Every structure is written in C-alpha cells, then in structure tokens.
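In this text the structure is predicted, and so the values were computed from the model without any measurement.
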Amino acid sequence: MTTLLFTHPACARHVTPEGHPERVDRIRAVERILSGPLFGDLLRREAPLGRDEDILHAHAAEHLERVRAVAPSEGIEYLDPDTVMSSGSLEAALRAVGAATAAVDAVFTGEADNAFCALRPPGHHAETRRAMGFCLFNQAAIAAQYARRRHGAERVAVIDFDVHHGNGTQDIFWSDADLFYGSTHQMPLYPGTGAVQETGVGNIFNAPLRAGDGGEQFREAMNSVILPALDAFAPDLLVISAGFDAHHRDPLGSLELTEEDFAWVTLKLMEAAEIHCGGRIVSVLEGGYDLQGLAASTGIHVQALMRGNADEQDAMTDENEDDI
C-alpha cells in the first residue's frame, strides 16, 4: 500500500485558550508518532491552501464570510463558546481543507492508494452555515463534494467513528442521496444529534453507543449497521472522519475503545474500499484529546492504511506500543 501523509506547520499556529482541549499539543503528539521508524515508507506532503470555491460547495457563502471576518490579527476571537480563532487559525483551517482536496486528487490520480490528513482544527461539527464544536470548515464534506466535481465520483461515503456525532457532515449531506454518512458515537453527548431516526433521504446511518460501551459494542454497530449500509451504497470514494476520542483514556467521552478497535475498523473499511472503489480512502483527523491515546490510535490507524492486512493487526499493536 502507498499511503500519503499531509501535514503543515500552520496547524501549530491555531492557538486556543489555556485549558482548551483542542490544543497545539494534539498535533505535536500526532507528528511525533508519525515521525517514528514505523512510518519511514510514508509519502509526505505539505498541505496546500484550500480554495474558497471548494469550501463553497459544502458551506454557504455567509459562513465563509463570517469565518474570514472573525479571524483576528491578534488575540482570540470566539465564534461560539467552544470555537475560537487566533491570528493563525484561518490559515490552519484552509490548510486542512487543502489537504483534504489534495488527498482526493492523489487517490484518484494513482499517486497513492490512500491518504491521511494530520491537520487541525477538526471539521465534522461545522454545518452548512455554522462553525461549532472546535470546527471551522468541514474537511470531510468538502472532500466528498470535491471528488464528485473534480473527478466525476458519483457516490461518496463518509464514515465517522469520533465519540461525538458529526452533525455538520450530516447537515451538509442530509438531502443528497448520492452522499452517504455513517456514524458511531456516544449518546447522549455533545452535540445532541445522531439518533437512529435521523436518516436524511435514506443516506444517513447512525449507530449510537452508550457510555461505557467498548470494542464489542462498537464492532457490533459497525458490523450490523454501518458496514452493510456502506456495501449497499457502493461508493466511488471512502472518506474517514478519524476521531480518536472514543479511546478509553479520552477526557471528553465515556467509550472504552482501544487502539486495536481503531486498527480493526480501519482494516474493515479498507476491505470495503477495495471492493467498491479501488481502495481509494481519504482519512482526515477529527477529535482525540488525551495525547497518549491520540498518538497511539493515530499510529495504528496509519499503520493499517499502510499495510492493509488484517493478519498483521496484533503485530501493529505491539510495534505501536513500543514506539509511544
């Protein structure tokens, strides 16, 4: 497998207030793990700036205008009580968008089999007209729309295993039967969406979990709800909203997943992608707020993308633990 990693130093210049969980140390932890010897075969690229025209295929013009207007030259400005901007935030968010669209280009042109975008801020809470939940622009949704417009993809799926429901992706996809959103997440929990009954036009599949649920319940939700629906949809591209705050160490959720669970789901999604879309996967980093859990989970997720072999899951886990 050829895996392409997108990063950019601008992501460290998105500064949040002291005590904010979405902090610079998150991306530093991810970059440290991915700089280790296990990841020597990764192709690496700096993320380009995302373009307004690509953002506007997922977000309303007034949303983009507001984000640009709020962006400060110094200090911190709030879009809502949780979502902030510093002087470096706009560039960081645009780099995250640019990574997602460049990753789509890479998997459709054959430069890589799959790609991982290790950037911040996250994106899956950003709705058509609103930034929220630490998120400014919705990279996963933008990537899906870009694939359709630029590469002729007819159907694109986003699978989200963040502990929080991706209300933004659901909102953007709600009325479009050629866009698929499947999510496992804890309920009740922020942002309060993600019930089974929220189905859009038959293209939304929510499989909520309860506080305390672990790998057994997560795998059952994937096997019984998300993966069969994904197979029936048969996407031309699979986008992963890779949030690692369902990890048992994470302070913002109460699920009990382990690195092995993230390896398992990555490999299952790769199997589906191989059947339906030539293995094309673009994965974008979402949540994950315990630095050790985030680093370990990201590491095993990227190892799975690089190897794509379910028989190697135990070896990946052992190697990853040695590298933390």
Side-chain angles (χ1 to χ4, degrees), residues 7-33 47 49-50 55 59 62-100 117-127 129-140 160 162-169 185-186 188-193 241-247 249-255 284-298:
T7 60
H8 199 279
C11 290
R13 298 193 287 272
H14 169 50
V15 178
T16 56
E18 185 175 355
H20 197 288
E22 209 294 279
R23 60 202 190 277
V24 173
D25 286 344
R26 295 183 64 242
I27 205 66
R28 291 174 178 157
V30 168
E31 289 172 349
R32 277 196 299 272
I33 193 72
L49 285 169
I55 295 170
H59 293 287
E62 57 264 34
H63 171 71
L64 176 58
E65 291 165 4
R66 180 172 183 244
V67 171
R68 287 192 177 278
V70 169
S73 58
E74 59 183 25
I76 299 287
E77 293 290 340
Y78 285 77
L79 288 96
D80 73 10
D82 297 315
T83 310
V84 303
M85 296 187 73
S86 67
S87 60
S89 298
L90 181 59
E91 182 184 355
L94 292 174
R95 296 286 180 186
V97 169
C117 302
L119 295 104
R120 58 184 283 274
H124 72 152
H125 292 308
E127 297 182 343
R129 301 176 183 275
R130 180 169 61 153
M132 61 180 288
F134 315 158
C135 304
L136 302 181
F137 303 124
N138 194 314
Q139 292 89 256
D160 187 339
D162 193 282
V163 78
H164 303 98
H165 181 245
N167 58 293
T169 312
H185 48 274
Q186 182 180 328
L189 193 66
Y190 181 91
T193 55
S241 273
F244 300 110
D245 41 7
H247 191 278
R249 292 179 57 95
D250 202 274
L252 297 193
S254 301
L255 296 183
V284 297
L285 181 64
E286 300 285 2
Y289 304 99
D290 174 83
L291 300 184
Q292 181 177 331
L294 171 63
S297 301
T298 300

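With values rounded to the nearest 0.5 angstrom, Glu77 atom CD is found 13.5 Å from Thr83 atom OG1. The structure places CZ of Arg66 at 13.0 Å from NE2 of His59, a figure rounded to the nearest 0.5 Å. How far CD1 of Ile76 is from CE of Met85: 10.0 Å, rounded to the nearest 0.5 Å. Atoms CG and CG, from Leu252 and Asp162 in turn, are 9.5 Å apart once rounded to the nearest 0.5 Å. Residue Glu286 holds its CD atom at 10.5 Å from CD of Glu22, rounded to the nearest 0.5 Å. For the atom pair His165 NE2 and His124 NE2, the distance stands at 9.0 Å (nearest 0.5 Å).
Contact record, Ala92 with His14: CB-CB, 3.8 Å, taken as the closest heavy-atom pair. The minimum heavy-atom distance between Val30 and Ala118, with the atom names listed, is CG1-CB, 3.9 Å. Contact detail for Asn138 and Ala126: the closest heavy-atom pair is ND2-O, 3.2 Å. Taking every heavy atom of both residues into account, Asp80 and Ala131 meet most closely at OD2-O, 3.8 Å. Closest approach of Ala99 to Leu119, counting heavy atoms only: CB-CD1, 3.3 Å. Minimum interatomic distance between Tyr289 and Pro251 (heavy atoms only, all atoms of both residues): C-CD, 4.0 Å.
With a 4.5 Å cut-off on side-chain heavy atoms, Leu94 and Arg68 count as touching. Proximity of Gln186 to Asp245: side-chain heavy atoms (C-beta onward) are nowhere separated by under 4.5 Å. With contacts defined as side-chain heavy-atom distances shorter than 4.5 Å, the pair Ser87/Glu74 does not qualify. When side chains are defined from C-beta on, Leu79 counts as touching Leu136, because their heavy atoms get closer than 4.5 Å. Under the 4.5 Å side-chain criterion, counting only non-hydrogen atoms from C-beta, His8 is in contact with Glu91. No side-chain heavy atom of Leu294 sits under 4.5 Å from any side-chain heavy atom of Ile33. Contact of the Val163 side chain with the His185 side chain is not registered, since no non-hydrogen atoms from C-beta on lie closer than 4.5 Å. Contact of the Pro121 side chain with the Cys135 side chain is not registered, since no non-hydrogen atoms from C-beta on lie closer than 4.5 Å.
Annotation: side-chain contact (heavy atoms from CB on, under 4.5 Å) contacts of Val24 (sequence neighbours excluded): Ala12, Arg28, Arg120.
With Phe134 as the fixed residue, the side chain to side chain contact (heavy atoms under 4.5 Å, CB included) test singles out one of His125, His164, His20: His20.
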Trace of the side-chain contact (heavy atoms from CB on, under 4.5 Å) decision for Phe244 with Leu285: CA-CA 8 Å; Phe244 300 110; Leu285 181 64; 4.0 Å; yes
